[in-house]
Each structure stands twice: as structure tokens, then as C-alpha cells.
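On a predicted model such as this, the values are computed, not experimentally measured, just so you know. Proteins get letters first, then strands, A, B, ... in listed order; numbering begins at 1 in each.
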Amino acid sequence: MSLDFLGNLERTHLCGTLRAAEAGKHVVLMGWVNRRRDHGNLIFLDLRDRTGIAQVVLDAELCPEGHRKGEQVRPEYVVAAVGKVRLRDKDAINPKMPTGEIEIEATDLRVLNDTRLAPFSPSDDAIQNEEVRLKYRYVDLRRAEMQQNFRLRHDITLAIRDNLSQQGFLEIETPILTKSTPEGARDFLVPSRVHPGEFYALPQSPQIFKQILMISGFDRYFQIARCFRDEDLRADRQLEFTQVDLEMSFPRQETVFGVVEQFMKAAFAAAGVELPVPFPRISYDESMRQFGTDKPDLRLPGLTDVHSAFTSEALATLQVDPALPIVALRIPKVGELSRKEREDNHPLFDLKKGAKFIDDFKRLAKSFPEAAAKVRELAGAADEDFVIIVAGDPAHHIKASDTKFPGRLSEREINVYAAAGNFRAELAKKYAERHGAFRITDEVVQNARARSAALIDGSQAFHPMWLTDFPMFEYDLAAGKWVPAHHPFTAPIEADMPNLVSDPASVRANCYDLAMNGLELGSGSIRIHRKDVQQQIFASLGITEQEAKARFGFFLDALEYGTPPHGGIALGLDRIVMLLAGAANLREVIAFPKTAKAIDLMAEAPTPVSEQQLKELHIRVALKS
RNA sequence: GGGGACGUAGCUCAGUUUGGUUAGAGCGCUGCCCUGUCACGGCAGAGGUCGCGGGUUCGAGCCCCGUCGUCCCCGCCA
């Protein structure tokens, strides 16, 4: 069909905002045709823009030209509707729509653009095919749910910026092209044209720069910072992601917690949710014991120590390592599972962690009726609750004693807890419908979206938790030495410093994580600001002065020029938005995300580049055959 | 690198258990009809290399092997 020019037509209103109060006004609306209902001489168009939908009426008698065009428009055509707002007859009011009391009596319709038939319609909320959604992301993003997600993201980001600014933080940008450091995640490298054979790296975080900003006297820095890590993706991990990154001078751990609690409260308020502060705290060891993870989800029961339910004879018969934890995990209201249902769950358990599980209670009860009953009692299990016992496998090649140091959890213990914790999280996801523990979060998120004036109580739906007292070092059994569990500028807790050399196992790091509903939201630490302490740490890690200089030279220099005590944290903005959007993965809150195989299906990145480009960059590609 | 789920019409899915006529449904799409619909309705119609390759078989959407893609998890992510 022939298209119309916009001419000097100016939009006067937004579709979703029209109400009965506007009745009688002449309006010009522009947007996409959401649906068309053709009654012959009367055509209804649902016109959609970012604010919502309004009904346009094309009457063959009142507006023959517009009606004629209306016969030809199709969903997702872009049109301008000119006309008068009028109240609908009482029996024509649609109470399901915010604009349902009015409609636009069209006097003119301009067809601004047509469309190819998209593989799905933005008005269709049943679309689940992520491949198609990502390829046609521009259509997917038109969907009301996506529009809401990005409105939410905007509001949250704005609130955090505003709040941190009010708390005296200054937003300062740091380089995207920077220096590769071999620590941590894999870097994305950028070849230098000017310097043959040399590379920049994209920042995994602004870590070193923000510390230098403290040395530079900015006192309080923050940045909504894009970060890049070339690692495998997950539901909560993308190659590039956004951190709320901040650093402050002269803080105690408490100071950082206070700052974060304030801006998190503000961020949640921007999403319509009241988040109580301060957040509760738990030590790393306690979190591992109780939840088998350092990002606990407190909406479900934790792990229960059920060692006491078993006699040593029973453990021997069951082939369970008595030196390792024996815990029960309980998923409420799952009901009794058939053998096949249980077996379907077995791949969710990570056998490589040196742990095993018992999920057949009937069989257990035949041989050890008291133990079976005692386990369920200790775990507080009701009849319809599903209980699994997780314990150490004595056949594992690393013995329970091999990595055991007094006063802290051993690698084997951690792995048994982790196997239980992972299993718990996977089963919780699988049986979400049955246990219903996640429903409260969905409800709060849904209600908050409706944006009534008052904030909705989020205390039952969101469970923030500070994790503290992480071990400073981990023992690398293969290398036979202590390695840092965090980046090497993390300060030890002051009281533990005398033990740095004599008893590294006992040293705790002055760092902290923020977890919520099974997600790690952020991680930070108080940093080392003294050269002598930094040298001690390097020494206890077996890093020579030359090595340290090669890796972090400029930063170690900077540390010697009057570095104030400082510390900070970085929080995953995408994850915060994901929680508040009620989304199951990050792709729902990132406009142009990548697939699990790190591909942008819309832009079709990555791709090979021309020989000429490679040549300019002094690069030759040698693919492994 | 490893484990798991999925892949049938544009979309959502049934059909795969136990191989057997021309592979179905709803939505969407096309044409016609319709002045009060709002998931409009009515009539008619088009649309399928059953992800791809190979194998078994008289015969494969269904069985076997391989491969590709999407998703989830482990490893990895200081």
C-alpha cells in the first residue's frame, strides 16, 4: 500500500496516558498497530506506544479515507491517528484497560510505515523461543514486559546515582582500554595498531583505577561501570555486565555496609519495594554449613547436620565417610517421588565433589529405621517434605584429613556442603511450583510493578545477607602452597595479621559479599594501603618482588605515595534489576545480550575480520585444526 | 572440557511409549463477509527438507550413530 508522509503532524499525546478527563480533546497519536478488529464499516485499531494502548475507531461514514486505509493496515504497521477523544458508551467500556473508558474517533489516519511479517507478535506474551526473540530483538523489546524491565532498570539506576551522589560519592569514568593483568578472569584483548604485538585489555572491573582515585584524594568514588570477562556464561553471567562500583577512603567494614544498605534501599524503593535495613550477616563458614553456598537463598530451609542420627556401624554399612559432614536437605511440600522421578534428579547432583547422597528413604528405613526417622525429625520434615541426605564419599581420592587445618573448613568439607547446596538450589528451582517459597517474591514484584503510591513490604520476598570472615588463603593441594582466595590487595583482618606467616590457615580476609535470594549481588573488601603489609602478603604467597613489579608495578608505585586506608565494593546492577523484575535470567534486563555460547544472534557477532584489518593490527590467525 | 533438557507449520505444542495410509491442533497469515469489538465473529484457503548428516529396515518424525543450535548446571568466573 502507499505510505503517508509525516508532514508537519506533531504527536500531542501518548496512547497509554489518555483518560476520561481528556474527552473532547483533539489528539494526534503515533505508534504501532497492536491489533485490528474489522467489523466491515467499522474498524477498531489498538494503537500502542511505550506508554500503553488506546483504541482508535475508524468509521466508514465519519472518515471514509481513514477507514479505507484502516482496511489495509496490519499489526505492527506504524501509524498516526488524528481525531477526537470521546467517552465510550457505558456498555462499551473496557475495564481491563487503563484507557478503557475512552476511544479515539478518527478523522485522519496516516500510515507511516508498513512491516514485514515478524516471526512473532509483540502483543503475544506466549513467546518462549529465545533464539527467535534474540534474533529479532527489536520486535521482542516492543513487548510490554520488556519495556517495563528497561523502565525499571532506568529507575533503579537513576535512584542509585542520585543516592550515592547524596552520600557524597563522585562519579568518575575509568578507561575501557587498559592493561591486562594475568590475575582472575580471562581478559578480552584489544590489539594495538600503533604498537605491534601489544595489547590493551578491557577491564574486568575498575579495581586498580578506583584504588588510585583514593590515593588521588577523591575520598568517595562511584561508577556505573561496564565490565568484561571472557568466561563461560550462565543465567546470571554475561560477557559484559554492569557494576555499581564504589570506593571510599578511611572506611571500616561497617561504613561500606551502611553506604550499600542506603543505596540498595533507595534502589528497591525506586522499584516500589520497601527493603528493611540493616541487612543480616553470616560468616562464610556458617553459610557453607547452613546452606552449602556463599550465596544462600533464605526462602527455603537450610541444611541440617544429621551426623548424630547415625551409628558408626550404620555409616560403615552405608559407606559414608564419618570424618566429613552428613547433612540433610529438605524441600518442603514436594510429596513422595517415584523411583523414576528421583532418578531424573540424579544428574543434578555433582558427583565430582567427592560427595554422595541418599534419597531413597524407604530403603534406608528398612535397614536403619531409627536413623531414617531421626534424620527427618532433625530436619523438621513434614510428611510431604522431600528429604535427601548428603555425605562424604570415603572412596574419593582426596582424604578428609588432607586439606584439614584447625579452625576452618577443609576443602573436602566445603565440597560436601557445596554438593548439598547445589542440589538444594537445583531441586528448589525444579519444584518451585510445589513448595511455593518463591511465590511471595513473584507477588511482591508484580504488585510493585503496578506502582501504587505506597511501597510494598519486601521483607519476606527479598533476603539480603552480608557474608563476612572469608578465609584469606586457600590451600592448593596440587601445588602444595597457599594461594590468595581474593585479589591480592585485599587486606587481612587486623587482629589476624600476626599469624600471616606462622598460621596462614587462620587468617581471615577483610572482605565481604552481599547475597540475596541465591544470587551473589556484590563483593568488596578493605584494601591494603601500607607497603609493608603488601610486601608481607606477597611474601606469604610466594610472590617475589620482581614478579609483583611485573604484574602490578605502577600500582605498587602509587601505593607508596601517601595511600589512605580505603575500601569499597562492586554490586551487579544487572542482577539487582533481574531480581526486581522477577526475571529468571540476565537476558531479560539487558537490551542486547549474548547467548550461552557467547554469540549476539541479532548483530551476528563475533565474526572473522578482513585480512586488511588483521594486517594493520599485526595479527595473524592460526586456527587449531 | 563434562552432565542434563529441548529442537515437528511463522509462534505454542500434540504425535516418538509399541516404526506402518495423505503428519495434526490452537494462535498467526491470505481472501471474502460483518457498525460496538477489545484474545471480535463467520466462511474459505495457503503454509511442513519433522534441526542437519549418516545408518538399521520392505518402510523412520519415531530406533541407532554423529553433528549443529537454544537453554540449565559443573568446571571456569581473584
Which value, in whole Å, describes the distance between the [atom1] atoms of nucleotides [N] and [M]?
N	M	atom1	value
C50(B)	G7(B)	P	15 Å
G53(B)	C68(B)	P	15 Å
A60(B)	G55(B)	C1'	11 Å
G36(B)	G41(B)	P	14 Å
G26(B)	A46(B)	P	15 Å
C62(B)	U17(B)	C1'	10 Å
G2(B)	G66(B)	P	12 Å
G15(B)	U56(B)	C1'	23 Å

Which base, if any, makes a Watson-Crick or G-U wobble pair with [N], both distances under 3.5 Å?
N	answer
A5(B)	U70(B)
U21(B)	none
G31(B)	C43(B)
C11(B)	G26(B)
C62(B)	none

Notebook entry, point to check: Closest nucleotide of RNA chain B for S205(A) versus for D232(A): which of these residues is on the 5' side?
Noted result: D232(A)
Item checked: N129(A) or E426(A), whichever maps to the more 5' nucleotide of RNA chain B -> N129(A)
Using distance alone, with no hydrogens and no angle criterion, decide if [X] and [Y] have a side-chain donor and acceptor under 3.5 Å apart.
X	Y	answer
T468(A)	Q253(A)	no
E61(A)	N41(A)	no
D513(A)	S523(A)	yes

Classify [X] by what it touches in the nucleic acid, base, sugar-phosphate, or nothing, heavy-atom distance under 4.0 Å.
X	result
R229(A)	sugar-phosphate
D350(A)	sugar-phosphate
R587(A)	sugar-phosphate
A60(A)	nothing
R234(A)	base
D89(A)	nothing
A235(A)	sugar-phosphate
Q238(A)	nothing
R48(A)	nothing
D230(A)	nothing
E131(A)	sugar-phosphate
V132(A)	sugar-phosphate
R88(A)	base

Notebook entry, point to check: Going by number, which of residues 588-595 of chain A have a non-hydrogen atom under 4.0 Å from RNA chain B?
Noted result: T595(A)
Checklist line | First-last contacting nucleotides on RNA chain B - partner chain A, under 4.0 angstrom, heavy atom | finding: G1(B) to A78(B)
Margin query: Is the ring pair F438(A)/H435(A) parallel, tilted or perpendicular, if the boundaries are 30 and 60 degrees?
Written below: perpendicular
Next item on the list: Assign the ring pair F386(A) / Y431(A) to parallel, tilted or perpendicular, where the plane angle (0 to 90°) is split at 30° and 60°.
Entry: perpendicular
Next item on the list: Please round to the nearest 0.5 Å and tell me the distance separating atom NZ of K549(A) and atom OG1 of T544(A).
Entry: 11.5 Å
Note to self: As an exercise, state the distance from CG of L500(A) to CH2 of W482(A), rounded to the nearest 0.5 Å.
What the structure shows: 12.0 Å
Next item on the list: Run the numbers on E130(A) and R587(A) for salt bridge (charged side-chain N to carboxylate O under 4.0 Å, His left out), then give the verdict.
Entry: CA-CA 10 Å; E130(A) 281 226 46; R587(A) 295 180 300 278; 2.7 Å; yes
Margin query: Just to verify, what does H529(A) make a ring pair (Phe, Tyr, Trp, His ring centres under 6.0 Å) with, not counting sequence neighbours?
Written below: none
Next item on the list: Give the C-alpha distance, both sets of side-chain angles, the deciding distance and a yes or no for side chain to side chain contact (heavy atoms under 4.5 Å, CB included) between L556(A) and F538(A).
Entry: CA-CA 12 Å; L556(A) 297 179; F538(A) 283 147; 3.9 Å; yes
Notebook entry, point to check: Under 6.0 Å from the CD atom of E341(A), do we count more than 12 heavy atoms belonging to anything else shown?
Noted result: yes
Next item on the list: Take N345(A) and D359(A) through the side chain to side chain contact (heavy atoms under 4.5 Å, CB included) test and state the conclusion after the steps.
Entry: CA-CA 10 Å; N345(A) 291 332; D359(A) 65 347; 5.8 Å; no
